[in-house]
Amino acid sequence: MHETMDMADDPEYEEEEPSFSDSEDFVDDIEDDELLSDLMREKPLEADGIDSVVVVDNVPQVGPERLEKLKNVVNKIFSKFGKITNEFWPMDNGTTKGYIFLEYLAPTQAQEAVKNADGYKLDKQHTFRVNVFTDFDKYMNISDEWETPEKQDFKDFGNMRHWIEDPDCRDHFSVIYESGERTAIYANDAKESITVEERARWTETYVRWSPKGTYLATFHQRGIALWGGEKFKQIQRFSHQGVSLIDFSPCERYVVTFSPLMDTKEDPQAIIIWDILTGQKKRGFHCESSAHWPIFKWSHDGKFFARMTQDTLSIYEAPSMGLLDKKSLKIFGIKDFSWSPGDNVIAYWVPEDKDIPARVTLSHMPTREEIRVRNLFNVVDCKLHWQRNGDYLCVKVDRTPKGTQGVVTNFEIFRMREKQVPVDVVEMKEGIIAFAWEPNGSKFAVLHGESPRINSSFYHVKNNGKIDLIKSFDKQQANSIFWSPQGQFLVLAGLRSMNGALAFVDTSDCTMMNIAEHYMASDVEWDPTGRYVVTSVSWWSHKVDNAYWLWTFQGRLLQKNNKDRFCQLLWRPRPATLLGAEEIKVIKKDLKKYSKIFEQKDRLSQSKASKELVDKRRAMMDEYRLYREAAVQTLLEQKELRLELRGGVDTDELDSNVEDWEEETIEFFINEEIIPLGDL
């Protein structure tokens with residue numbers, strides 16, 4: 001210690017500094033990306049700007065006198081996709097050469113212009129062809145040698161429609177309970193549902209079935225996942241941060257997702273359309289509001305989808321996801337539209353504008369030919385209701401006739417399968433609560449009036465051009481109509497505020513099969529076959545009595561299933577039958593023959609169930625007998641200990657130690673009867 005102190009105090013002692021220089025043979029093998037990864041990520045990329053330039057071909061060749069007008073037209077078309085910062089019009093002897101160069105502010109805007117304007121028909125002689133300038137380098141450098149594409153491994157997800165092959169024809173349904181913590185898939189059975197699959201935290205919010213029942217969609221913070229096959233394996237996943245709403249195309253080829261979190265002007269991400277088979281993003285769209293979901297409505301075959309904005313109806317075609325004919329329909333004041341469920345026909349309505357009456361228009365796609373136009377007067381509001389096969393369209397028209405203050409409702413019934421689409425009118429003088437078409441028929445049901453005098457009426461659209469009122473029921477506790485998917489039967493339900501009143505109706509003769517109640521019921525769901533119907537109280541709408549009850553179509557209660565914080569029940573849809581109309585007729589004709597087979601099968605299943613129940617009870621009895629014998633043996637073994645603890649008094653027998661008993665008499669006053677002597 002002293003030596004060290006002395007050396008430090010010595011003025012001649014100087015401490016040698018360490019050298020930080022690299023040796024002469026040192027080789028620096030550390031890249032900047034590894035050493036400064038966080039800074040290198042923010043390093044601007046070199047760009048010459050040509051990826052923001054598009055080349056537009058097939059532009060009209062004009063002279064100086066028409067050039068300015070042409071520039072205005074072209075700018076109006078192409079400025080929709082972004083800000084144009086520069087443009088160049090090559091000239092030859094005073095006329096344009098037939099192609100131009102446009103530069104956008106960002107490459108994404110240039111890509112949007114190519115996607116939407118390529119193929120745009122300016123007039124009969126000129127159809128634009130649009131390419132990004134960088135495409136020329138790509139096409140010039142294509143190799144002349146053929147390269148065989150890499151073979152992709154086939155992923156076998158099993159039988160995607162296995163549940164349809166169930167010999168007992170059990171339909172599946174999904175149940176979310178424990179406030180969303182658990183999700184289960186059940187196979188329906190009249191006695192007790194069978195668990196097919198159950199998982200914890202399978203979804204973060206809710207689930208959705210695809211239209212044909214092939215996929216189950218689950219929601220997650222980072223996107224959605226699709227599940228299917230016998231073991232519900234993950235089929236596909238789509239990354240869309242904060243996704244909250246989805247919609248499937250009817251053909252199950254595409255899925256549409258919406259997220260309120262992701263959207264920019266340059267790269268639309270609010271709504272994304274995905275290809276289900278490949279997982280590829282097909283196109284993104286902006287979205288100002290999701291109040292009326294779905295934003296895009298699909299045609300029945302999934303070939304077209306449409307979107308309504310202010311004074312515009314935009315129709316897109318799949319799989320290109322581009323605008324039909326490269327332009328939208330300008331419809332001033334358009335309020336609502338809807339596709340026919342059976343044809344590529346679109347219906348929309350426009351309100352009155354000064355002296356121009358309101359109108360409902362039916363147009364065929366993709367020709368845009370107007371099939372029928374119906375003018376309407378003194379209109380307050382309209383609602384479009386298609387029958388499931390597209391045979392009829394009902395337009396519910398709320399009007400205020402001149403000279404009156406009240407609102408009158410008309411049902412304008414369009415007969416879509418008849419020549420020139422004739423229209424019948426049914427006038428209702430009371431307020432309309434609910435309207436619903438019979439899915440596979442020509443009847444419709446209406447709830448009208450005001451509580452407590454709510455009436456239900458049933459109408460039949462006949463082939464002779466008449467609409468007949470079949471039956472009316474008065475004083476109904478109902479605010480919703482739920483038809484069986486197969487028609488004929490329906491449930492009139494008083495949901496939520498009406499305490500779950502239920503009326504089961506057979507519309508073939510308009511009889512009330514049963515009147516029941518599921519207190520505070522919030523939802524009614526028919527199974528795809530129309531044999532069963534479920535009523536439920538969701539935890540999302542009511543915090544107590546959460547359960548779902550299973551009924552027959554006649555209103556006979558089969559099961560009460562109480563689930564802790566039950567949230568949602570959805571039946572798995574079935575794809576359309578492969579049987580033709582003639583084959584279905586033959587089956588209906590021979591129904592009695594099939595009925596005997598099914599009745600015999602039902603008896604066998606009941607006897608099997610009875611045998612299983614007896615075996616279960618026997619096993620429980622045997623278990624109890626063994627337990628009792630063990631308990632008696634323990635009691636005998638501990639007798640000496642009990643005698644010792646109780647001073648030799650045997651308390652095992654009721655009549656033991658009789659000499660120490662004391663007798664006490666207790667009297668109770670029962671009643672008093674007074675008999676007047678005068679009556680004797």
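As the structure is a computational prediction, the values presented were derived from the model and not from experiment.
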Exercise. Specify whether Phe232 and Trp202 have parallel, tilted or perpendicular ring planes, treating 30° as the upper limit for parallel and 60° as the lower limit for perpendicular.
Key: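 Taking Trp202 first and then Phe232, their aromatic rings stand perpendicular (interplane angle over 60°).
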
Quiz prompt | Mutual orientation of the aromatic rings belonging to Tyr548 and Phe173 [parallel < 30°, tilted 30-60°, perpendicular > 60°] | solution =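 Geometry flag for Phe173 against Tyr548: perpendicular rings.
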
Is the closest side-chain heavy-atom distance between [X] and [Y] below 4.5 Å?
X	Y	answer
Asp247	Phe258	no
Lys281	Thr257	no
Tyr177	Asn562	no
Arg556	Asn514	no

Which pair of heavy atoms, one from [X] and one from [Y], lies closest together, and at what distance?
X	Y	value
Trp163	Thr214	CH2-N, 4.2 Å
Ala190	Gln559	O-NE2, 3.2 Å
Gln486	Thr529	CG-O, 3.2 Å
Leu492	Leu447	CD2-CD2, 4.2 Å
Trp298	Pro250	CB-CD, 3.4 Å

Quiz item: For atom CZ of Arg307, is the number of surrounding heavy atoms from other residues, nucleotides or ligands below 6.0 Å larger than 12?
Solution: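 For Arg307, atom CZ is crowded (more than 12 foreign heavy atoms under 6.0 Å).
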
Practice problem: Kindly check if the number of other-residue, nucleotide or ligand heavy atoms within 6.0 Å of NZ (Lys115) is above 12? | Solution: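 Above 12, so yes.
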
Looking at [X] and [Y], would you say the former's side chain and the latter's main chain have a donor-acceptor pair under 3.5 Å?
X	Y	value
Trp437	Leu393	no
Ser320	Ala318	no
Thr312	Thr309	no
Ser522	Ser536	yes
Ser259	Gln241	yes
Lys297	Trp339	no
Gln234	Ala225	no
Trp483	Ala436	yes
Asp118	Val114	no
His240	Gln269	yes

What pairs with [X] under ring-ring contact (aromatic ring centres under 6.0 Å, His included), at least two apart in sequence or on another chain?
X	answer
Phe553	Phe489
Trp526	none
His364	none

Side chains of [X] and [Y]: is there a donor and an acceptor less than 3.5 Å apart?
X	Y	answer
Glu252	Ser210	yes
Thr203	Thr218	no
Arg388	Asn440	yes

Exercise. Go through the steps for Trp539 and Phe566 under the test ring-ring contact (aromatic ring centres under 6.0 Å, His included), then give the verdict.
Key: CA-CA 6 Å; Trp539 185 78; Phe566 163 82; over 10 Å; no

Practice problem: Check the pair Arg253, Asp275 against salt bridge (charged side-chain N to carboxylate O under 4.0 Å, His left out), reporting the backbone distance first and the verdict last. | Solution: CA-CA 6 Å; Arg253 181 65 194 271; Asp275 188 310; 2.9 Å; yes

In this structure, is the centre-to-centre distance between the rings of [Y] and [X] below 6.0 Å?
X	Y	answer
Phe435	Phe411	yes
Phe285	Tyr316	yes
Tyr532	Trp571	no

Self-check item: Charged N-O contact under 4.0 Å between Asp168 and Arg170
Solution: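 Here Asp168 pairs with Arg170 in a salt bridge, since their nearest N and O are under 4.0 Å apart.
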
Quiz item: Any salt bridge between Glu198 and Arg182, counting N to O under 4.0 Å?
Solution: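 Answer for the salt bridge query: yes.
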
Spacing of [X] atom [atom1] and [Y] atom [atom2] [to the nearest 0.5 Å]:
X	Y	atom1	atom2	value
Ser340	Met365	OG	CE	12.5 Å
Lys330	Leu313	NZ	CG	11.0 Å
Ile235	Ile276	CD1	CD1	11.0 Å
Ser497	Gln477	OG	CD	10.5 Å

Exercise. Go through the steps to decide whether Asp171 and Arg572 satisfy the test salt bridge (charged side-chain N to carboxylate O under 4.0 Å, His left out), and finish with yes or no.
Key: CA-CA 7 Å; Asp171 280 292; Arg572 187 175 196 173; over 6 Å; no

Exercise. Please lay out, stage by stage, how Glu112 and Arg283 fare under the test salt bridge (charged side-chain N to carboxylate O under 4.0 Å, His left out).
Key: CA-CA 10 Å; Glu112 194 72 13; Arg283 186 171 175 183; 3.4 Å; yes

